[in-house]
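Below is one structure; the comments refer to it alone.
Just so you know, ligand 1 is whichever comes first in the structure, and atom 1 is the first atom listed for that ligand.
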Amino acid sequence: MIKRVIGLHFSPNGGTAKIIERITRDLAIDLDSYLASDVEYACYDMLEAINEQPVIDEEAVVIIGMPVHIGKIPLPAIRLLRELNGKGALTIALVSYGTATYGNALYELYSYAEERGFTIIGAGAFIAKHGRKNSVHLLRPDLDDIEAMEEFCRAISHKLKRLSGSEVAGLRLKPAPLMIEGKMPVHKVSRFSPRAAEVAEHTFERANIVIRRKPEWFL
Ligand SMILES: Cc1cc2nc3c(=O)[nH]c(=O)nc-3n(C[C@H](O)[C@H](O)[C@H](O)COP(=O)(O)O)c2cc1C
């Protein structure tokens, strides 16, 4: 039985936090009315010292969100993720990106989270405001991006209801693995030179200006 929805975010500029807070709240409200029981929810900033540790177990649904930095998850975020124990909790892995590309980041988050015992049942890449002032996509996220997020939320809620209904005497069916393409990236550039990383990322962003990237998800 699902008793709580926990949002965890690593969000230096606050964009990922906004996405996670919204999805955590909407999902908890929806599950609460469906399950006719009190489903609590709370969000935690992974960058802050947490006084009260979230209870992560099989009664929790966890939503983990991280930003994309040069097509990858930032190294400090990976370190923080490695301190967690998922204990089999049904989990949604999300990355936020600034319209260029999310590269290997979603695959990376999916892989590291599974390694830490989280059972990933859904994953998505959503647009957040680019932290950089001179970003070429000042008007994103727009209404379409927000609508896509709401649609994802409905789809994931539907999947969770199906999965919670398939519990028989405490046994939960193992969800099928998600088909996220990618490989584990090497964090070379950002480790040795933050400046080189910044230049590479900016060039990358300019090269991608002609393509309108959309949110994507996997269930
Ligand atoms: C150092 C750095 C690298 C970035 N690299 C990418 C990238 O490769 N692709 C992309 O679409 N956005 C990129 N962005 C934009 C961020 O992914 C986007 O702004 C993210 O949603 C910020 O999350 P936050 O507000 O939670 O920090 C980068 C931003 C920074 C600061």
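- Residue Ala128 has at least one heavy-atom neighbour below 4.0 Å for each of these atoms of ligand 1: 21 (O).
- A distance of 6.0 Å or more separates the ring centres of Phe218 and Tyr110.
- Closest approach of Ile127 to Pro141, counting heavy atoms only: O-CB, 3.6 Å.
- Put simply, the side chain of Asp26 never gets that close to the backbone of Ile23: no donor and acceptor are under 3.5 Å apart.
- The closest non-hydrogen atom to atom 9 (N) of ligand 1, taken over Leu47, Ile127, Thr101, comes from Thr101.
- Remark: ligand 1 atoms within the under-4.0 Å shell around heavy atoms of Asn13 are 24 (P), 25 (O), 27 (O).
- A donor and an acceptor atom, one from each side chain of Gln53 and Tyr44, are nowhere located under 3.5 Å apart.
- Near Thr16, with a cut-off below 4.0 Å to any heavy atom, the atoms of ligand 1 are 23 (O), 24 (P), 25 (O), 26 (O).
- Between the side chain of Asn104 and the main chain of Lys183, a donor-acceptor pair closer than 3.5 Å is present.
- At least one heavy atom of Gly71 sits closer than 4.0 Å to an atom of ligand 1.
- The shortest N or O to N or O distance between Gly98 and ligand 1 is below 3.5 Å.
- Ion pairing of Glu59 with Arg4 is present here, as a side-chain N (NZ or NE/NH1/NH2) and a carboxylate O approach within less than 4.0 Å.
- At a 3.5 angstrom cut-off on N or O pairs, Ile70 counts as close to ligand 1.
- Looking at Leu84 and Met46, their side chains come closer than 4.5 Å, going by heavy atoms from C-beta outward.
- In this structure, Ser11 OG and Met66 CE are separated by 11.0 Å, a value rounded to the nearest 0.5 Å.
- For the pairing with Phe126, the ring-ring contact (aromatic ring centres under 6.0 Å, His included) check across Phe152, Tyr102, Tyr97 returns one residue only, Phe152.
- Under a 4.0 Å criterion applied to the non-hydrogen atoms of Thr99, ligand 1 contributes the atoms 11 (O).
- In Lys129, the part holding a heavy atom less than 4.0 Å from any atom of ligand 1 is the backbone.
- Interface atoms of ligand 1 facing Ser11, defined by a heavy-atom separation under 4.0 Å, are 24 (P), 26 (O), 27 (O).
- Each of the atoms 20 (C), 22 (C), 23 (O) of ligand 1 lies under 4.0 Å from some heavy atom of Pro67.
- Ligand 1 places these atoms under 4.0 Å from at least one heavy atom of Gly15: 24 (P), 25 (O), 26 (O).
- Close N/O approach between Ala100 and ligand 1 is found [any backbone or side-chain N/O within under 3.5 Å].
- Atoms of ligand 1 lying under 4.0 Å from any heavy atom of Ser96, numbered from 1 in the order shown and given with element: 17 (O), 20 (C), 21 (O), 23 (O).
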